[in-house]
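One structure is given here, and the rest of the page talks about it.
Note on naming: letters A, B, ... go to the chains in the order of the sequence lines (proteins, then strands), and numbering restarts at 1 for each one.
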Amino acid sequence: MKDEYDVIVIGAGPAGSTAAKFAAEKADVLVVDKHREIGSPKRCGEGLGLKAFEKFEIPLDKRFVNKEMCGAVVYAPNGSKVEIEYDGIYGYIIERKIFDKFLATEASRQGAKVLADTEASLLKENGRIIGVRITHQRKEKEIKAKIIVAADGVDSQIARQAGIDTTINLADIGSCFEYEMSGIEIENPEMIHMFMGNKLAPKGYVWIFPKDDDRANIGIGISGTEKRTAKYYLDRFIKSRPGLEKGSIIEVNVGCVPVGDFLRELVRDNLMVVGDAARQVNPIHGGGICEAMLAGKLAGIKAGKAINSGNLEMLKEYETEWFSTEGKKLEKILKVRHFAEKLGDEDMNYLAKVWNGDDLVRISGGEYSIAFKKIIKHPRLLGLLKNFV
Amino acid sequence: MKIKNCYGCGGCVAVCPTGAITLESEVEIITEKCIKCGKCELVCPAGLITIENER
Ligand SMILES: Cc1cc2nc3c(=O)[nH]c(=O)nc-3n(C[C@H](O)[C@H](O)[C@H](O)COP(=O)(O)OP(=O)(O)OC[C@H]3O[C@@H](n4cnc5c(N)ncnc54)[C@H](O)[C@@H]3O)c2cc1C
Ligand code: SF4
Ligand code: SF4
């Protein structure tokens, strides 16, 4: 390890490793992660859409691709289903622990230095960020850098240390609990399953993401404002289904995912914030792997260019470009979330009657005009829509 | 206050308005900074935190 790098990335999740890979094309990069094993604990349902595989040319490596997703079944509170079917494959259930290591390896192949078991905090001089202070295997060291990328996840301390207020409102965080279970019965394991309902999962949903025909990630995300815990609701769901109840628990995962207001200030001086740390997550389903990688790529490219040209002002372009592309799309999806949060169980049952799978796909991508036209005859939903626009 | 058996998910740290929580292998709530708003208690997916005298 050297005493100085062009770019230091803090956090080797999908955001950090991707940022490092792209920055390393032009700059000298160090990536650190406080965990002893990159990718572990997983804190993820492990669903990743085909789009991410295509955009990032991710190989279909058996070591991290568990199972194909051929579509999704969404269950209304009364049990009625809306099926989202695809002609081909919709995505894969991956193995995050191996996938995250793969991304870190890709960064190292591009020339970045990756270091696990290394916790970092910002190093400042006269108020300016000049690098990081790390603790690697109990030894402390100061390392200088021209640019810092904060890819340190939902509870980002690095951005806070730079003076950006990253505190998340309770209503804007999904509180999640998940079991990986084996020996269970899954009706149609080629599909992912999502269960809606205010009694089942307030302002959230229960998911079953199959990793085998008899093994799945079964998890829940609910609003942070909810009095009862995510674990309470998930245990109750599993208990009510004998095909799940009889199974074994092979892993327990606990996590929180930002599903609300996005961080606005993505760049301050020579620091960039990416991924969950910047709350770059799809607020409808809580998926953030692809978004983290997209932001990481954009930030990484800008960091490389800034180093190359010696002009750190360029870093701001990451913020403006994000909010005119992917960030803009997420903004629209957030509006849909605010609409969905107001739905009662009866509303959801009604929507399951009038909406089909295509409508749900469009809505979760932020294109809502067609689906919303279908509900203008429903007086209560129409009222909710008025607030919407 | 120290929370044992914490899963380290960082949810409580993310919502704490005063930065009163540090996360190492277990959660530690630094009481002088804590304003007892109860947000960490609500967000914890496993219900591990109990803040007394909630406002
Ligand atoms: C229960 C649950 C289920 C989910 N399911 C899905 C899903 O099915 N599909 C999907 O796309 N998304 C899902 N998500 C969201 C997804 O997991 C995140 O959006 C994604 O991991 C974000 O990547 P990231 O790189 O920004 O952050 P992370 O993956 O959280 O990585 C941050 C890294 O930073 C490190 N770090 C933090 N602080 C420091 C420090 N001071 N020094 C050094 N290292 C540090 C951490 O150790 C960590 O490895 C889920 C989230 C949860 C909680
Ligand atoms: S009660 Fe409020 S101030 Fe105190 S630790 Fe919890 S979130 Fe922070
Ligand atoms: S929210 Fe709960 S499980 Fe998560 S870090 Fe805080 S105390 Fe631990």
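Here the side chains of A/Gln157 and B/Val13 are in contact, with some heavy-atom distance below 4.5 Å. Within the 4.5 Å cutoff, the side chain of B/Tyr7 has no heavy atoms near those of the A/Asn253 side chain. Looking only at side-chain heavy atoms (C-beta outward), B/Val15 and A/Thr167 stay at 4.5 Å or farther from each other. Proximity of A/Cys256 to B/Pro45: side-chain heavy atoms (C-beta onward) are separated by under 4.5 Å at one or more points. Within the 4.5 Å cutoff, side-chain heavy atoms of B/Leu42 are placed close to those of A/Lys227.
Looking at residues two or more places apart in sequence or on another chain, you find a side chain to side chain donor-acceptor pair (under 3.5 Å) between A/Asn217 and A/Lys42, A/Glu46. Every side chain to side chain donor-acceptor pair (under 3.5 Å) that A/Asp152 has, sequence neighbours left out, goes to A/Ser156. With sequence neighbours left out, A/Ile98 forms a side chain to side chain contact (heavy atoms under 4.5 Å, CB included) with A/Arg63, A/Phe64, A/Glu95.
For the options A/Gly221, A/Ser223, A/Cys176, A/Pro41, heavy-atom pairs under 4.5 Å to chain B are most numerous at A/Cys176. Annotation: maximal heavy-atom pairing with chain B below 4.5 Å, among A/Ile173, A/Ile222, A/Ile220, occurs at A/Ile173. In terms of non-hydrogen atom pairs under 4.5 Å with chain A, the most contact-rich of B/Ala46, B/Cys44, B/Ala14 is B/Ala14.
Across all non-hydrogen atoms, the minimal contact from B/Val43 to A/Ser175 is O-OG, 2.8 Å.
Contacts with chain B (heavy atom to heavy atom, under 4.5 Å) involve these residues of residues 228-239 of chain A, listed by number: A/Thr229, A/Ala230, A/Lys231.
Separating the NZ atom in B/Lys39 from the OG1 atom in A/Thr225 is a distance of 11.0 Å, to the nearest 0.5 Å. Taking SG of B/Cys40 as the reference point, atom CG of A/Leu170 lies at 9.0 Å (rounded to 0.5 Å).
Within 6.0 Å of NZ in A/Lys124 there are more than 12 heavy atoms belonging to other residues, nucleotides or ligands. Atom CD of B/Glu24 sits in a sparse spot, with 12 or fewer heavy atoms from other residues, nucleotides or ligands closer than 6.0 Å.
For a residue to count as touching a neighbouring chain, one of its non-hydrogen atoms must lie under 4.5 Å from one of that chain's; by this rule B/Cys12 does not touch chain A.
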